[in-house]
Novice: 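Structure incoming, see below.
Everything quoted here is computed from the prediction, not taken from an experiment.
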Amino acid sequence: MNNYGEVTLIVKSKTNDSIGQEIETTVSTKTIQCTVGSITRGEWTKARQGGYEAEVMLTVFSASYSGESRATYCGKTFDIYRTFQSGDSTELYLGTRIGDLNG
C-alpha cells in the first residue's frame, strides 16, 4: 500500500544584515506530490553517522526536484540530507541536524 502526500520544496538564500551577520531567507517554495516511504535501519544508521536524525523518505517525480536542500512535510521543516535518482523518480531523504534547535 502506498501513502501519498504533498511536500513543499524550499529554496533558501544567505545574505548579510545591516551589521554583517549572515541570515538565511526563503527565496521561493513549490509544493509537489510525493509518495511516502519509511526509513530503513541502515539509512537511519548512516544518517546518524552524518549528523542527521532521519525522519522520512519521499519519492517525487525527478523533473519536479531541482536540487533544493530544505523541505516542509506535514507542517515540519526538514533538511534534504540525501537524494537518490532512479529513472523518473527521485528519493528525498528528510531529517533534522542532530542538535539543531531551529529544526
Side-chain angles (χ1 to χ4, degrees):
M1 181 165 107
N2 290 326
N3 292 319
Y4 299 96
E6 289 185 339
V7 60
T8 301
L9 302 176
I10 304 167
V11 176
K12 295 274 190 177
S13 175
K14 292 183 180 181
T15 59
N16 292 327
D17 65 10
S18 60
I19 59 171
Q21 296 175 330
E22 191 174 81
I23 56 173
E24 192 174 68
T25 57
T26 300
V27 175
S28 66
T29 63
K30 66 179 171 181
T31 301
I32 60 173
Q33 300 296 310
C34 64
T35 303
V36 182
S38 59
I39 297 294
T40 64
R41 187 180 340 206
E43 179 62 36
W44 185 87
T45 301
K46 287 179 190 174
R48 284 297 267 202
Q49 291 170 345
Y52 283 94
E53 180 73 34
E55 305 262 353
V56 67
M57 186 272 295
L58 305 175
T59 303
V60 299
F61 184 55
S62 292
S64 299
Y65 178 67
S66 303
E68 293 86 354
S69 61
R70 304 271 291 164
T72 300
Y73 176 71
C74 289
K76 186 173 177 185
T77 302
F78 298 97
D79 289 325
I80 301 172
Y81 68 86
R82 185 170 85 84
T83 63
F84 177 76
Q85 184 176 355
S86 177
D88 289 344
S89 298
T90 299
E91 295 175 353
L92 306 178
Y93 292 85
L94 278 53
T96 53
R97 188 85 133 132
I98 296 173
D100 185 2
L101 299 177
N102 296 321

Novice: In Å, rounded to the nearest 0.5 Å, how long is the span from CD of E53 to CD1 of I98?
Specialist: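 So the CD of E53 and the CD1 of I98 are separated by 6.0 Å.
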
Novice: Evaluate the ring planes of Y81 and Y93, with Trp represented by its six-membered ring, and classify them as parallel (under 30°), tilted (30 to 60°) or perpendicular (over 60°).
Specialist: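 Ring orientation of Y81 relative to Y93: tilted.
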
Novice: Restricting to non-hydrogen atoms, name the atom on I80 and the atom on T83 that form the minimum distance, rounded to 0.1 Å.
Specialist: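 Where I80 meets T83 most closely, the heavy atoms are CG2-CG2, 3.8 Å.
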
Novice: Would you indicate whether the side-chain heavy atoms of R82 and E43 approach each other to under 4.5 Å?
Specialist: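 Yes, at least one pair of side-chain atoms sits under 4.5 Å.
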
Novice: Would you say the side-chain atoms of S62 pair up with the backbone N or O of S89, donor to acceptor, closer than 3.5 Å?
Specialist: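 Yes, S62 side chain to S89 backbone: donor-acceptor pair under 3.5 Å.
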
Novice: Considering all heavy atoms of both residues, which atom of S38 and which atom of M57 are nearest to each other, and what is their separation?
Specialist: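 Minimum heavy-atom contact is O-CB, 4.1 Å.
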
Novice: Grab the two heavy atoms, one from T77 and one from T96, that are nearest each other, plus how far apart they are.
Specialist: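 Looking at all heavy atoms of both residues, the closest pair is O-CG2, 4.4 Å.
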
Novice: Take K76 and E55 through the test side chain to side chain contact (heavy atoms under 4.5 Å, CB included) and record every step on the way to the result.
Specialist: CA-CA 11 Å; K76 186 173 177 185; E55 305 262 353; 3.7 Å; yes

Novice: What's the separation between atom OG1 in T35 and atom CD in E91, rounded to the nearest 0.5 Å?
Specialist: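 Atom-to-atom, T35:OG1 and E91:CD are 10.5 Å apart.
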
Novice: Look at the side-chain heavy atoms of Ile, Leu, Val, Met, Phe, Trp and Tyr, link any pair under 4.5 Å apart, and say whether L94 and I39 land in one connected group.
Specialist: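 Hydrophobic grouping puts L94 apart from I39.
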
Novice: Ignoring hydrogens, what is the shortest heavy-atom contact between I10 and E68? Give both atom names and the distance.
Specialist: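 Closest approach of I10 to E68: O-CB, 3.6 Å.
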
Novice: Which atom pair, heavy atoms only, marks the closest approach of Y73 to E6?
Specialist: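 The answer is CD1-O, 3.4 Å.
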
Novice: Going from CG on L92 to CG on D79, what distance comes out if it is rounded to the nearest 0.5 angstrom?
Specialist: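 These two atoms lie 12.5 Å from each other.
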
Novice: What's the separation between atom CD in Q33 and atom OG in S64, rounded to the nearest 0.5 Å?
Specialist: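 Here the rounded value is 9.0 Å.
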
Novice: Does the cation-pi check pass for R97 over Y52, that is, NZ or CZ under 6.0 Å from the six-membered ring centre and within 45° of its axis?
Specialist: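 Satisfied, under 6.0 Å and within 45°.
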
Novice: Taking all non-hydrogen atoms of both residues into account, name the closest pair between G5 and V36 and its distance.
Specialist: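 So the two residues come closest at N-CG2, 4.4 Å.
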
Novice: Is there a side-chain contact between L9 and Y65, using heavy atoms and a 4.5 Å cut-off?
Specialist: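 Touching, per the 4.5 Å side-chain cut-off.
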
Novice: Which distance, rounded to the nearest 0.5 Å, do you find between the CG of N3 and the OG1 of T59?
Specialist: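 Here the rounded value is 11.5 Å.
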
Novice: For atom CG of N16, is the number of surrounding heavy atoms from other residues, nucleotides or ligands below 6.0 Å larger than 12?
Specialist: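 Yes.
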
